[in-house]
Protein chains: 2
Amino acid sequence: MLTIGRLAAYAGVTIRTVRHYHQVGLLPEPERDASGYRRYGAGDVVALIKIRTLADAGVPLSEIDGLLRAGPAGFAEAVQRIDARLAGEIARRQTSREQIARLAAGDVASLPPEVIDYLRRLRELGVSERILAGERDGWIIMAARWPDEVVTWIPAKIAQLQDPRLVRLYLLMSEAVDDGAPDDSLLTGIVDLLAALLAEAEWTDPGEDLPFDLLDALADEAGPRAERLRQMMRERGWDGWTRQRRVS
Amino acid sequence: MLTIGRLAAYAGVTIRTVRHYHQVGLLPEPERDASGYRRYGAGDVVALIKIRTLADAGVPLSEIDGLLRAGPAGFAEAVQRIDARLAGEIARRQTSREQIARLAAGDVASLPPEVIDYLRRLRELGVSERILAGERDGWIIMAARWPDEVVTWIPAKIAQLQDPRLVRLYLLMSEAVDDGAPDDSLLTGIVDLLAALLAEAEWTDPGEDLPFDLLDALADEAGPRAERLRQMMRERGWDGWTRQRRVS
DNA sequence: TCGAAGGTTGACGCTGCGTCAGGGTCAAGC
DNA sequence: GCTTGACCCTGACGCAGCGTCAACCTTCGA
């Protein structure tokens, strides 16, 4: 006759595990001795080992009882199911590993390499890190919702960078955000340039259902200076950030 | 300004998930409007997407906050840790798959192939399934505790099967357990044969710390007939099942 | 004005035990 | 007979990451 501790030791589990199996009905409660101790027999050792064998193989406890009672056919079928589940879990973790590998390479929010490349170009042009962070946030939102489309927008964005006036705009804005207290002439220069570019060409509109309001809000959240610029633009008849429209 | 539902939709998560992140402090609670609704900004969308990116990559929620605040070095180190954890989980599940593959082939309690082979030989000799089940249970106990040693005992066991008297003993016992009410002459024959074999040669003793008492108990749990046999053996001066000793 | 759709807090459920609290029991040495 | 240490008992919370009620309030469109 065995105590619960010796039983557990034979099967290589903890006492708590044995009691848990009693609780869920996986292992029947044995007789008690006069002092209330559980007393086990050799058959319990075998039963417990069988349970552990299946549990170690990844079978959920809730299915083990059925498996032990199943015939060869049911057993084989259940084994199939469990193997498929394990395979799925492995696959999920493998994609996770690829994901975090990409995260380690890029930044914290896995963007497609094309976007990463576009951001790199901006940085090389001397655009401020603050502006870059805002750009990246915008792309993060877009990439989350349209992961396949964003990469198709990139060539046009890169082509736009050929225009030295746009580059100059970016640099002026960089100066504005990095300078503690930019004078009004800088802001005026930005607005002039922006208005000129807008007047010249309608921006290519990549789609109607895109969350421009959200991206605009993102820009506005950058701080009071952004709002000031927006106000100045509105005075010249333009509204919005990511899709400017003529107003008034 | 976004409601919780729209925020959740942007990030591709459920409302419950967003609230959970608030609860654990992963995402800061936003302002409320007059009616108590949470109002989110675009920055929250970005923050939530970043969180989900890491969570989808298998990062535990408790580590995500630290990761988002970490510098490149800390980030890389954390990524290393998480990747190692994922690799471990994958490895565990792969061994699980191998395990259940073996279970599907053999029986419910993965025994080493040598033992499976030994049991197959017994079955081919015509030994009863009931006896076989008992034998298998015994081997299960042994294999659980001495997985490496059991395979070394098998050759001797197989060699013993060359003795036609031992085979005959097995068959007589099979008859005894399968027959509803075996007559005493059958039991006497078993005891005679067993005593003769014992008298002739000491069984090879595979080790001192083996749980003979447990195996004996296992045999006894087979039912009253086993106890009867043991009693008859004791009358002839032998005790125990798996390691018989002379008594008196 | 009404109903559907969306929001609020609070709480339990799931897996497989680990761990703590607050005891009783057994065997051995003094 | 007493202490000590190793066991055993029940009961209950905790863990990760939400899903899923329940019971109620708000907003919006017809």
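Every value quoted in this text rests on a predicted model; they were computed, and no experiment measured them. Chain letters run A, B, ... following the sequence lines, proteins first, then strands; residues in each count from 1.
- Nucleic acid contact for B:R32: sugar-phosphate only, since backbone atoms but no base atoms lie under 4.0 Å from a heavy atom of the residue.
- Residue A:R39 contributes atom CZ, which lies 11 Å from atom C1' of C:dT25 at whole-angstrom precision.
- At least one side-chain nitrogen or oxygen of A:T3 sits closer than 4.0 Å to the OP1 or OP2 atom of D:dC8.
- A donor-acceptor pair under 3.5 Å links the side-chain atoms of B:E221 to the main chain of A:A42, judged by distance alone.
- Residues B:L7 and B:V45 have side chains in contact (heavy-atom distance under 4.5 Å, counting atoms from C-beta outward).
- D:dT26 atom C1' lies 15 Å from atom CD1 of B:I4, rounded to whole Å.
- The interatomic distance linking B:I15 (CD1) with D:dC21 (P) rounds to 15 Å, in whole Å.
- The interatomic distance linking B:E63 (CD) with D:dA16 (P) rounds to 11 Å, in whole Å.
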Find every protein N or O atom lying less than 3.5 Å from an N or O atom of nucleotides 13-17 of chain C, and list the pairs.
unit_1: C:dG16; atom_1: OP1; unit_2: A:L61; atom_2: N; d: 3.4
unit_1: C:dG16; atom_1: OP2; unit_2: A:L61; atom_2: N; d: 3.4
unit_1: C:dC17; atom_1: OP2; unit_2: A:Y21; atom_2: OH; d: 3.2
unit_1: C:dC17; atom_1: OP2; unit_2: A:R52; atom_2: NH1; d: 3.3

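- What separates CG of A:L2 from P of C:dC26 is a distance of 17 Å, to the nearest Å.
- Applying salt bridge (Lys or Arg N to Asp or Glu O under 4.0 Å) to B:E29 and the options B:R39, B:R19, B:R38 leaves one that passes, B:R38.
- Atom CZ in B:R19 sits roughly 14 Å away from atom P in C:dA11 (whole-Å rounding).
- Ion pair B:E77/B:R81 flagged as a salt bridge, since at least one NZ, NE, NH1 or NH2 atom sits closer than 4.0 Å to an Asp/Glu carboxylate oxygen.
- Ionic pairing of B:R85 and B:E89 is present here: one or more N-O contacts between side-chain nitrogen and carboxylate oxygen are shorter than 4.0 angstrom.
- One atom, CG of A:L7, and another, P of D:dC7, lie 15 Å apart when rounded to the nearest Å.
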Which atoms of nucleotides 27-30 of chain D (N or O only) lie under 3.5 Å from a protein N or O atom, and what are those distances?
unit_1: D:dT27; atom_1: OP1; unit_2: B:S35; atom_2: OG; d: 3.2

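- Residue A:R38 is in sugar-phosphate contact alone, with no base atom involved, counting any heavy-atom pair closer than 4.0 Å across all strands shown.
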Handout entry: Evaluation steps, side chain to side chain contact (heavy atoms under 4.5 Å, CB included), between B:L68 and B:I51
Key = CA-CA 8 Å; B:L68 288 176; B:I51 290 172; 4.0 Å; yes
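- Rounded to whole Å, atom C1' of C:dT9 lies 11 Å from atom CD of B:E29.
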Problem - Test log, rule side chain to side chain contact (heavy atoms under 4.5 Å, CB included), inputs B:Y118 and B:W153 - result: CA-CA 11 Å; B:Y118 173 68; B:W153 304 335; over 6 Å; no
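- Residues B:L61 and B:Y21 meet the side-chain proximity criterion, which asks for heavy atoms closer than 4.5 Å.
- Between B:H22 and B:Y40, the ring-plane angle classifies as parallel under the 30° and 60° cut-offs.
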